[in-house]
Amino acid sequence: YLDLSSADLSEAKSLQWVSGLSSLQYLDLSSADLYKANDWVQVALKLPSLLELHLTDCGLEDDPSSISVNSSKSLLVLDLSWNSLSSVPKWILSLHGLVSIDLGFNSLKGPIPYYFGNFSFLEVLDLSGNYLNSSVPNSLYSLKHLRYLDLSINEIEQDISEILQSLSSCCLGSLESLNMKDNQLSGELSSLKLFDVSENQLSGTFPPSLGQLSNLETLRFGHNLLEGVVLETHFSNLTRLTTLKASQNMLRFESNSSWIPPFQCRTIELGQWHLGPKFPHWLKFQKNLSILDISNAGISDSVPTWFLNLSPQFKYVNLSYNQLAGGISYLNVRDSVDLSSNRFTGPLPRVFPTLRFLILSNNLFSGSLFELVCHSSSREKMEVLFIDKNLLTGEIPDCWNQLESLTFLNLGNNNLTGKIPPSLGRTGLDWLNLRNNSMFGELPSTLQNLTNLSILDLSENHFSGNIPTWIGDKLSTLMILSLRSNNFDGQIPHKICDLQYLQNLDLSRNNILGAIPKCFSNLSAMANRSYDNNYSYDWGGTTLIYLSALLVLKGREDEYSSILGLVTSMDLSANSLTGEIPKEIGILVELRSLNLSGNLLIGNIPDEIGNMELMESLDLSMNQLNGEIPPSFSNLNFLNHFNVSYNNLTGQIPTSTQLQSFENFSYMGNYLCGPPLTKNCSTKGLPTDVANNGSSSEGGKVNWLYVSIVLGFIMGFWGVVAPLFFIRSWRHAYYRKLDHVGRKLY
């Protein structure tokens with residue numbers, strides 16, 4: 001027995017030193033970097049007594065076709081998983097005695113090789129995590145001893161009924177586990193002992209035959225297209241069932257209120273089933289429940305008392321997206337709770353000391369945060385706390401330094417007041433959302449300690465003062481910064497330009513002055529896509545949650561979640577920015593949305609903006625820009641929101657597939673001409689009326705309208721207003737006359 005897994009063999013050019021171990025039966029060189037050892041195949045397979053060979057994650061690539069290997073009659077177990085093999089090595093064909101082959105998570109392509117059917121003693125075959133396509137070859141169905149077959153995470157396209165029918169005629173008697181998850185299977189399904197066909201495209205109804213599999217312990221068919229009604233009889237003989245994972249289908253479960261399930265499950269996931277309108281009473285008899293997901297299940301009821309005290313083993317509970325009402329005083333769950341998008345009322349519940357994830361978003365919880373944050377015994381373990389979109393009031397308490405593990409905090413869309421407590425800066429936050437409250441004051445300097453912060457959203461409050469320079473100096477991992485709709489003033493600090501990972505910057509609707517920094521060109525994440533910003537989070541190993549952000553793009557506010565990492569935007573609108581638009585901004589070629597409207601910007605529109613060819617939304621309206629729309633704007637082929645109205649722009653609108661598709665209001669308040677406007681252009685590229693009226697060479701005509709306006713002003717002001725202003729006796733007589741007329745009218 002020799003285990004050298006994870007040893008540093010990167011400099012070993014040969015494995016000849018192993019060849020003398022004639023009694024060796026077990027050899028494990030996993031994660032040992034054998035890419036320089038060209039003879040590992042020959043040496044390992046010449047060991048006369050070798051039974052098991054484990055070469056997981058060794059950096060192995062396809063072997064040369066010239067390799068010749070003497071048949072090893074002793075080898076029973078071969079593990080080549082997590083390497084870089086693009087095809088099944090030919091030398092495996094000579095190992096006729098193999099009972100276990102693991103080629104999972106390589107880069108195998110094409111159909112599943114038919115010659116796996118020649119391994120007549122094979123019991124375990126793992127080809128998961130590759131790029132295998134086509135259908136399961138008939139040769140696999142000749143493996144009479146096959147117990148474990150894993151073809152998950154491939155691209156197999158076949159009717160599931162064909163696979164199961166073929167298996168039933170050959171090896172259902174021996175097969176214990178079949179994993180076909182995450183392929184492209186279609187058709188209707190039947191059953192097996194451990195049955196996992198999740199994340200496919202299975203359609204039809206839930207087969208009653210599944211209820212006859214008395215030995216079934218694990219049943220997984222979530223994330224498919226199954227529909228119809230499921231009855232109690234479907235589970236009649238499933239007495240050994242411990243895991244039922246069937247979320248994300250379109251099934252309706254109809255049971256009698258007195259039904260007692262024949263099974264005791266540790267895991268039940270029925271998210272998006274229709275279980276309501278009453279809370280499922282049959283759950284009362286599940287005494288071993290650890291994981292429960294009945295989210296989005298059409299339940300319009302209150303949570304019964306027996307449920308809250310049901311199982312001391314509760315690890316994960318998801319009741320989100322129902323119409324559950326009433327108050328909850330205590331949550332007896334050890335790890336993760338999601339009660340979001342219901343109608344729960346009353347004060348925030350007390351929680352179990354080890355709780356790590358608490359999601360209470362979009363409910364009617366009211367009152368203060370003080371009891372949960374400052375007096376709760378769960379402070380040390382809490383990692384995620386979402387209480388946004390509720391009715392919380394009062395100030396945020398200043399005791400956050402006791403929540404040592406807190407990573408994500410969302411208190412947005414409440415009625416919170418006061419200043420940001422300094423102790424928030426003494427946590428380990430990656431995400432802080434306080435948007436849409438009534439908070440005020442300057443940002444506390446302790447926030448600069450949040451060096452892992454990736455999302456900071458303080459928008460729609462009453463925060464004031466200058467934007468701190470430490471945001472760019474200390475918060476170097478920021479991906480989203482939103483200070484929208486506050487009372488910040490002063491200039492944009494140039495330190496913001498140091499935020500290399502910043503994808504979304506929103507400083508709109510403040511009182512910010514000064515010029516747009518030229519150093520914005522240093523915002524690397526807006527200039528290239530070399531950064532793979534991840535906004536997802538593995539919630540307790542049960543669910544992958546996506547962090548979300550509200551962004552104002554294309555003139556409207558939308559919530560972005562799973563695609564948040566693909567969105568790049570800059571919004572500086574509705575401030576008092578002055579000067580010209582820096583041409584350096586054109587370097588941000590990955591920017592999808594740019595809004596500079598409602599400022600005091602002057603000068604020409606930089607031609608370099610036309611280089612931002614991925615731009616989808618561009619708003620430069622309500623400024624003092626002049627000159628023409630740059631011809632390079634014809635390169636902006638992805639524009640679907642565009643506005644340059646109310647500037648001093650002149651000339652012809654450039655011709656492109658997009659610029660002519662916008663309505664007239666996108667160009668109004670300028671001196672533009674050409675399609676889509678009805679105003680034609682002269683030979684000089686000006687509107688015809690401007691060209692005719694403004695040309696002194698065409699007849700030298702005097703515009704008497706303007707002359708009469710000037711004369712009227714002179715006569716009115718100097719003839720009436722000026723004497724009243726400068727001659728005191730006239731002014732007194734005039735006001736006495738007005739006073740006399742006023743009294744007479746009264």
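We count residues from 1, following the sequence as given.
Atom-to-atom distance recorded for N154:CG and S134:OG is 11.5 Å, nearest 0.5 angstrom. Expressed to the nearest 0.5 Å, how far CZ of R220 lies from CE of M180 amounts to 15.0 Å. Rounded to the nearest 0.5 angstrom, N179 CG and L149 CG are separated by 9.0 Å. Within the model, atoms CG of D102 and OG1 of T56 stand 6.5 Å from one another, a figure rounded to the nearest 0.5 Å. In this structure, the separation between CD on Q248 and CG on N224 is 10.5 Å, given to the nearest 0.5 Å. Atom CG in L108 sits 6.0 Å away from atom CG in L103 (nearest 0.5 Å).
Looking only at side-chain heavy atoms (C-beta outward), L21 and L2 come within less than 4.5 Å of each other. Counting heavy atoms from C-beta on, the side chains of I101 and L122 come closer than 4.5 Å. Side-chain contact between D182 and S152 is absent, with no heavy atoms from C-beta onward closer than 4.5 Å. The closest side-chain heavy-atom distance from S139 to F116 is not below 4.5 Å. Residues L453 and L478 form a side-chain contact, since some pair of their non-hydrogen atoms from C-beta on lies under 4.5 Å apart. Contact annotation: the side chain of W91 never approaches that of L93 to less than 4.5 Å [non-hydrogen atoms, C-beta and beyond]. The shortest distance between side-chain heavy atoms of Q184 and E155 falls below 4.5 Å. Proximity of D57 to S30: side-chain heavy atoms (C-beta onward) are nowhere separated by under 4.5 Å.
Panel note: side chain N106, backbone N83; a donor-acceptor pair is recorded below 3.5 Å. Between the side chain of S247 and the main chain of G271, a donor-acceptor pair closer than 3.5 Å is present. A donor-acceptor contact shorter than 3.5 Å links the side chain of D79 to the backbone of S81. Counting only distance, with no hydrogens or angles, the side chain of N130 and the backbone of L132 share no donor-acceptor pair below 3.5 Å. Side-chain atoms of S341 do not come within 3.5 Å of backbone N or O of S320 as any donor-acceptor pair. Between the T568 side chain and the Q503 main chain, no donor and acceptor come within less than 3.5 Å of each other. Side chain of N249 to main chain of L226: a donor-acceptor pair is present (N/O by atom type, distance under 3.5 Å, no hydrogens or angles). Using a distance-only test at 3.5 Å, with no hydrogens or angles considered, no donor-acceptor pair links the side chain of E123 to the main chain of S100. Using modelled atom types, one side-chain atom of N504 and one backbone atom of V567 make a donor-acceptor pair closer than 3.5 Å.
Here the closest non-hydrogen pair linking C58 and A32 is SG-N, 4.0 Å. Considering every non-hydrogen atom in both L270 and A246, the closest pair reads CD2-CB, 4.1 Å. Of all heavy-atom pairs spanning Q264 and K287, the tightest one is OE1-N, 2.9 Å. Contact detail for T218 and L241: the closest heavy-atom pair is N-CD1, 4.2 Å. Closest heavy-atom contact between P113 and V88: CG-CG2, 3.8 Å. In terms of heavy atoms, L29 sits closest to L4 at CD2-CB, 3.7 Å.
Between the side chains of N318 and Y316, at least one donor N or O lies within less than 3.5 Å of an accepting N or O. In this model, no donor atom of one side chain and acceptor atom of the other lie less than 3.5 Å apart for S86 and S107. Side-chain contact, E383 with S405: no donor N or O sits under 3.5 Å from an acceptor N or O.
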| task | Assess whether side-chain contact (heavy atoms from CB on, under 4.5 Å) is satisfied between V229 and L231, documenting all intermediate values. | result | CA-CA 6 Å; V229 176; L231 303 174; 3.7 Å; yes
| request: Would you sort out whether I359 and V384 count as a side-chain contact (heavy atoms from CB on, under 4.5 Å), showing the intermediate values? | output: CA-CA 8 Å; I359 313 295; V384 175; 3.6 Å; yes
| query | Which is it for L78 and L95 under the side-chain contact (heavy atoms from CB on, under 4.5 Å) test, yes or no, and what are the steps along the way? | reply | CA-CA 10 Å; L78 177 62; L95 306 176; 4.3 Å; yes
| task | Kindly indicate, with the supporting measurements, whether the criterion side-chain contact (heavy atoms from CB on, under 4.5 Å) is fulfilled by L146 and V124. | result | CA-CA 6 Å; L146 195 63; V124 175; over 6 Å; no
| task | Apply the test side-chain hydrogen bond (donor to acceptor under 3.5 Å, both in side chains) to residues S255 and E232: give CA-CA distance (whole Å), side-chain angles for both, the deciding distance (0.1 Å), then the verdict. | result | CA-CA 6 Å; S255 65; E232 301 169 12; 4.9 Å; no
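Within 6.0 Å of the OH atom in Y115, the count of heavy atoms belonging to other residues, nucleotides or ligands exceeds 12. Within a 6.0 Å radius of CZ in F285, other residues, nucleotides and ligands contribute more than 12 heavy atoms. Residue N138 qualifies as open at atom CG: its count of foreign heavy atoms under 6.0 Å is 12 or below.
Ring orientation note: the planes of Y26 and H54 are tilted relative to one another, at an angle of 30° to 60°. Relative orientation of the F314 and F307 rings is tilted, given thresholds of 30° and 60° on the angle between their planes.
Remark: of the listed residues V18, L27, L76, L27 is the sole one forming a side-chain contact (heavy atoms from CB on, under 4.5 Å) with L50. F386 pairs with exactly one of W431, F408, F357 by the ring-ring contact (aromatic ring centres under 6.0 Å, His included) rule, that one being W431. When each of K315, K381, R356 is checked for a salt bridge (Lys or Arg N to Asp or Glu O under 4.0 Å) with D335, only R356 meets the rule.
With sequence neighbours excluded, the residues forming a side chain to side chain contact (heavy atoms under 4.5 Å, CB included) with F235 are V230, L238, L244, F253, W259, F263, listed by chain and number.
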